[in-house]
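Both counts, for ligands and for their atoms, begin at 1 and track the order of listing. Source: prediction; values computed, not measured.
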Amino acid sequence: MDLKEKAIASLKKHASGDAFSRLPAALPKASVLIPLLLRHGKLHALLTVRSVNLKHHAGEVCFPGGKSESGDTDETHTALREAEEEIGLPSHTVQVICKLFPVLNKAGLLITPVVAFIESSFTPRPNADEVSEVFTLPLEFFTKEADHSCYPVPSVFGPTHSFMYTDPRTGHIHQIWGLTAALAVTVAALALGKKPEFELGFDLDDPASAFRDVLNRRLSKL
Ligand SMILES: Nc1ncnc2c1ncn2[C@@H]1O[C@H](COP(=O)(O)O)[C@@H](OP(=O)(O)O)[C@H]1O
Ligand SMILES: CC(=O)SCCNC(=O)CCNC(=O)[C@H](O)C(C)(C)COP(=O)(O)O
Ligand SMILES: [Mg+2]
């Protein structure tokens, strides 16, 4: 099996399917698309830098995504629609792999991560109202200790991860932390089938139970 097929098989084992579609309907929902691509024979992930003019998370690094709208048929539709709006990613060129476990953020938004492969040749067209920059980086970056640090503040699971990535194309230094870092670390570990050099905070063979525990704990506090 090649790299991509291996990643797909491994990610699919952790698909949440529709196990969470019966959560409290009143919860506001959002989706993020975690776009993977092959570049120079390696798996890469695509991230965006949010416009400094946004009300929430201004200037922060995140995956394409946003809040669910009434016309969306499901979480995947939300993720694809948002990615098309934010970076001009045509939905029909996207190979959706699976949905992962939803996470509840501090604002009470239930966020479903949707993992997908996009074409290696994709050229982003960022919508300047929402996105100031788009970059890709090797997924294995999120398994390495070199540019990683940890804050003893609880995040999605375990402590808050933070990475400093220097983009060799632009020289820009991006901080990737919090929710986005937690998702990147999870997808890197699952897709590459590799434990990170730092403490992951959950069992790589059974991330579902860790995610379910975190979600139930958060839901019980609502
Ligand atoms: N055309 C537009 N111009 C400026 N901001 C927009 C916009 N469309 C959406 N937004 C804002 O962009 C943010 C992300 O939206 P979405 O959920 O669709 O990704 C939201 O703001 P905040 O994140 O500041 O609340 C939303 O209000
Ligand atoms: C809660 C944290 O961890 S903040 C730390 C770093 N920032 C992030 O990880 C960005 C997290 N936010 C997002 O991904 C988006 O705002 C999201 C919650 C998906 C909503 O999308 P939208 O703001 O409408 O387009
Ligand atoms: Mg958005």
Side-chain angles (χ1 to χ4, degrees), residues 16 20 23 27-36 45-72 74-89 91 94 99-116 118 124-135 137 139 141-142 147-165 172-188 201-202 211 214-215 217-219 221-222:
S16 69
F20 290 90
L23 281 165
L27 281 180
K29 285 179 158 191
S31 295
V32 291
L33 187 73
I34 304 183
L36 305 179
L46 179 149
L47 284 162
T48 74
V49 182
R50 295 166 69 85
S51 159
V52 291
N53 300 318
L54 289 179
K55 272 199 305 292
H56 300 111
H57 304 290
E60 292 177 5
V61 172
C62 73
F63 289 106
K67 289 159 205 98
S68 165
E69 287 177 6
S70 55
D72 294 348
D74 60 9
E75 295 87 351
T76 302
H77 185 184
T78 305
L80 294 174
R81 177 184 53 70
E82 288 284 346
E84 192 142 16
E85 286 171 13
E86 294 181 352
I87 59 167
L89 178 68
S91 297
V94 179
K99 289 187 276 191
L100 296 178
F101 284 79
V103 289
L104 199 59
N105 76 355
K106 290 195 182 72
L109 199 56
L110 189 70
I111 304 162
T112 301
V114 177
V115 191
I118 63 169
R125 284 183 289 106
N127 167 359
D129 288 334
E130 297 192 48
V131 174
S132 64
E133 195 173 335
V134 178
F135 65 98
L137 75 175
L139 202 54
F141 176 81
F142 294 111
D147 299 295
H148 167 264
S149 51
C150 240
Y151 302 97
V153 179
S155 177
V156 181
F157 37 76
T160 299
H161 295 285
S162 172
F163 296 87
M164 287 295 183
Y165 178 68
H172 295 177
I173 298 170
H174 300 290
Q175 184 184 20
I176 304 147
W177 64 287
L179 173 69
T180 302
L183 295 177
V185 162
T186 303
V187 169
F202 62 84
F211 279 76
V214 171
L215 185 63
R217 219 177 309 135
R218 288 280 289 111
L219 285 172
K221 286 187 195 156
L222 283 185

Quick one: which ligand 2 atoms are inside 4.0 Å of a heavy atom on Val32?
-> 19 (C)
When only distance counts, is Lys67 in polar contact with ligand 2, meaning an N/O pair under 3.5 Å?
-> yes
Which bit of Leu54 gets closer than 4.0 Å to ligand 2, counting heavy atoms only: side chain, backbone, both or neither?
-> neither
For the Mg ion (ligand 3), does an N/O/S atom of Gly65 lie at less than 2.8 Å?
-> yes
Report the relative orientation of the aromatic rings in His148 and His161; use parallel for angles under 30°, tilted for 30 to 60°, perpendicular for over 60°.
-> tilted
Is there a nitrogen or oxygen of Phe63 sitting under 3.5 Å from a nitrogen or oxygen of ligand 2?
-> no
Glu86 (side chain) donor-acceptor with Gly65 (main chain) under 3.5 angstrom | yes
Any idea which part of Ile111 is under 4.0 Å from ligand 2, heavy-atom wise: side chain, backbone, both or neither?
-> side chain
Within the structure, does Leu109 bring an N/O atom to less than 3.5 angstrom of an N/O atom in ligand 2?
-> no
Ligand 2 and His56, any nitrogen or oxygen pair closer than 3.5 angstrom?
-> no
Do Ser31 and ligand 2 have an N or O pair less than 3.5 Å apart?
-> no
Candidate list Val114, Thr112, Asp72, test side chain to side chain contact (heavy atoms under 4.5 Å, CB included), partner Thr78, passing option | Asp72
Could you please spell out the steps behind the side chain to side chain donor-acceptor pair (under 3.5 Å) verdict for Ser68 and Glu75?
-> CA-CA 7 Å; Ser68 165; Glu75 295 87 351; over 6 Å; no
Of the N, O or S atoms in Glu86, the one nearest the Mg ion (ligand 3) | OE2
Nearest heavy atom to atom 22 (P) of ligand 2, choosing from Lys106, Arg50, Glu60, His161, belongs to Arg50
CG-NE2 distance between Leu137 and His174, expressed to the nearest 0.5 angstrom = 9.0 Å
